[in-house]
Q: 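The structure under discussion is supplied below as structure tokens; questions concerning it will follow.
Start at 1 and go down the list; that is how both ligands and their atoms are numbered.
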Amino acid sequence: MKAISVLGSTGSIGTQTLDIARDFPDQYKVVALTAGRNLALLVEQIQEYRPEVVALADTALLPELQKRLKAAGVDEAATPQLVGGPDGLNVAASWESADLVVTGIVGCAGLLPTLAAIRAGKDLALANKETLIAAGPVVLPELKKSGSRLLPADSEHSAIFQCLQGTPWADNARLSTGVPTPGLRRIQLTASGGAFRDWDARDLEKATVADATSHPNWSMGRKITVDSASLMNKGLEVIEAHYLFGLDYDHIEIVIHPQSIIHSMIELADSSVLAQLGWPDMKLPILYCLSWPERQETPWRRLDLTEVGQLSFRKPDPAKYPCMELAYAAGRAGGTMPAVMNAANEEAVAQFLEEKIHFLDIPVVIEAACERHKTDLIDHPQLDDVLAVDQWARQAVREQVSRGTRRMPAVLAA
Ligand code: NAD
Ligand code: MG
């Protein structure tokens, strides 16, 4: 029986993790939950999973949660310890009885709870990629110190991790230490191409929030769905792969694979390429984190390639997806630059979702923030440096947006 904590339990990753816990009650027990604002769902989760501790991001919502639990008939004995705010999230993330922490919080907000879990020596199922991207130089040494293992829940990185298990270099001690696996020569990250995969680049002028938030293959939270449409998600995953598997950026490539059946590939010293395949369903990579190094028997739908019919691949067009290049550039610059790029992207996507900027403005404001940061870049940042540049970049984007530097798409101006 493995005890798990689920950070961001009301989100896409969180609810899928809890579905797995429901399906395999003899294997996984939920001991801690954290959530943002969805109290109705959280109350249901508390009733079903009976965690030992529950944290809310916003302390002000705790009395309301208490009231709702009482109204739902949850008696005192069944009420978990309730905590809130940044300290509360850290308490839940480092909860003593947990063996593994699933990080399903979205954005850099997941950084401090993730570090709390690592410092408490917990193994992690890392879904919250923004944490590693913003703070790779801080997170990797902490992992080394505590001995925590960072198991990738992102489907592409899970695929790479699964393929590596089949090589002589499946040295688990090397997991996410930043040291390259000796026989690993190249990583190919597959990308669905997102909501605008089949759009002509010129038509992106007409892209709306509704267009950008409807993903062809995966059902995910809104932020990552927009990141998929801009291919920033794949750019972020390139940096994530760099920190997890230690390869330099020239050996991490992106390939558009519209069917999302191959979840990524690795090339080895002898030129052999290994791939991991499956239906596009996040439950499989999440389950692998929970069951690793074992394989759990499941009744899940088996992959039938004759049903898929065709697997196709193409190179992504850099002109259509400028965010991809911005991510490579930030990764190569290293230090605090990925944190700036990530924070600028988070803010830009939030502004886009509020319809304050156009989809095509997203790379424009990110690039401006990264340009401005060049002279202030810190090569070997500490945690405080990462937190400071994260705040700076968000503010820089907000200021740029409020100055009205918004480019007006011709179609709207007409
Ligand atoms: P989501 O928006 O569906 O859920 C986010 C969760 O985090 C919710 O429980 C929300 O309450 C909580 N949260 C939001 N802001 C918070 C804050 N400031 N403090 C504390 N908690 C907060 O997002 P998601 O799609 O589940 O994605 C979660 C993470 O997993 C992201 O980093 C994403 O990139 C990554 N990821 C998601 C998928 C997917 O299929 N959804 C796949 C790969 C990676
Ligand atoms: Mg992914």
Q: Is I224 touching ligand 1 with its side chain, its backbone, both, or neither, if touching means heavy atoms under 4.0 Å apart?
A: side chain
Q: Would you say the side-chain atoms of N233 and K129 include a donor-acceptor pair closer than 3.5 Å?
A: yes
Q: Which atoms form the tightest heavy-atom contact between L244 and P152, and what is the distance?
A: CD1-CB, 3.9 Å
Q: Does one side chain, of H251 or D248, offer a donor that lies under 3.5 Å from an acceptor on the other?
A: yes
Q: Note the single closest protein heavy atom to atom 43 (C) of ligand 1, along with its residue, its atom name and the distance in Å.
A: D154 OD1, 3.0 Å
Q: Minimum distance, heavy atoms only, to atom 10 (C) of ligand 1: which one of G14, G221, G36 is it?
A: G36
Q: Without hydrogens or angle criteria, can the side chains of Q296 and Y28 be said to hold a donor-acceptor pair below 3.5 Å?
A: yes
Q: If you compare all heavy atoms of A327 against all heavy atoms of M232, which two are closest, and at what distance to 0.1 Å?
A: CB-SD, 4.2 Å
Q: Considering only the protein, which heavy-atom contact is closest to atom 38 (C) of ligand 1, and what is its distance?
A: I13 CD1, 3.5 Å
Q: When you look for heavy atoms under 4.0 Å from ligand 1, do you find them on the side chain of A109, its backbone, both, or neither?
A: side chain
Q: Any nitrogen or oxygen of A35, side chain or backbone, less than 3.5 Å from one on ligand 1?
A: no
Q: Starting from atom 14 (C) of ligand 1, which protein heavy atom do you reach first, and at what distance in Å?
A: V106 CG1, 3.8 Å
Q: Heavy-atom contact check, 4.0 Å cutoff: does N38 meet ligand 1?
A: no
Q: Assess whether salt bridge (charged side-chain N to carboxylate O under 4.0 Å, His left out) is satisfied between E294 and K2, documenting all intermediate values.
A: CA-CA 12 Å; E294 305 295 327; K2 220 174 237 181; over 6 Å; no
Q: Just distances here: any N/O of E130 and N/O of ligand 1 closer than 3.5 Å?
A: yes
Q: Hey, mind stepping through E267 and S271 against side-chain hydrogen bond (donor to acceptor under 3.5 Å, both in side chains) and telling me if it holds?
A: CA-CA 6 Å; E267 182 189 296; S271 83; over 6 Å; no
Q: Could you find the nearest protein heavy atom to atom 13 (N) of ligand 1 and give me its residue, atom name and distance?
A: I105 CG2, 4.3 Å
Q: Counting both backbone and side chain atoms, is some N or O of N233 under 3.5 Å from an N or O of ligand 1?
A: no
Q: Please check if atom CD in Q382 has more than 12 non-hydrogen atoms from other residues, nucleotides or ligands closer than 6.0 Å.
A: no
Q: Has R37 got more than 12 heavy atoms of other residues, nucleotides or ligands less than 6.0 Å from its CZ?
A: no
Q: Distance to 0.1 Å, residue and atom name: give those for the protein heavy atom nearest to atom 42 (C) of ligand 1.
A: M282 CE, 3.5 Å
Q: Take every heavy atom of G104, measure it against each atom of ligand 1, and state whether any distance is under 4.0 Å.
A: yes
Q: Need the ligand 1 atom indices (1-based, order shown) with element for anything under 4.0 Å from a heavy-atom of A127.
A: 30 (O), 32 (O), 35 (C), 36 (N), 44 (C)
Q: Taking atom CZ of R50 as the centre, does the number of heavy atoms from other residues, nucleotides or ligands within less than 6.0 Å exceed 12?
A: no
Q: Quick one: name the protein N/O/S atoms under 2.8 Å from the Mg ion (ligand 2), chain by chain.
A: D154 OD1, E156 OE1, E237 OE2
Q: For Y321 versus G193, what's the shortest heavy-atom pair and its separation?
A: OH-O, 3.2 Å
Q: Which heavy atom in Y328 sits nearest to a heavy atom in I252, and how many Å separate them?
A: OH-O, 2.5 Å
Q: Among all protein non-hydrogen atoms, which one is nearest to atom 3 (O) of ligand 1, and what is the separation to 0.1 Å?
A: S12 N, 2.9 Å
Q: Evaluate the ring planes of H242 and Y249, with Trp represented by its six-membered ring, and classify them as parallel (under 30°), tilted (30 to 60°) or perpendicular (over 60°).
A: parallel
Q: Quick check on E96: does its CD atom have over 12 non-hydrogen neighbours (other residues, nucleotides or ligands) under 6.0 Å away?
A: no
Q: Give the numbers and elements of all ligand 1 atoms closer than 4.0 Å to a heavy atom of G11.
A: 1 (P), 3 (O), 4 (O), 8 (C), 9 (O), 26 (O)
Q: List the closest protein heavy-atom neighbour of atom 34 (O) of ligand 1: residue, atom name, distance to the nearest 0.1 Å.
A: K129 CE, 3.2 Å
Q: Please check if the number of heavy atoms outside E76 that lie under 6.0 Å from its CD is greater than 12.
A: no
Q: Starting from atom 20 (C) of ligand 1, which protein heavy atom do you reach first, and at what distance in Å?
A: A57 CB, 3.5 Å
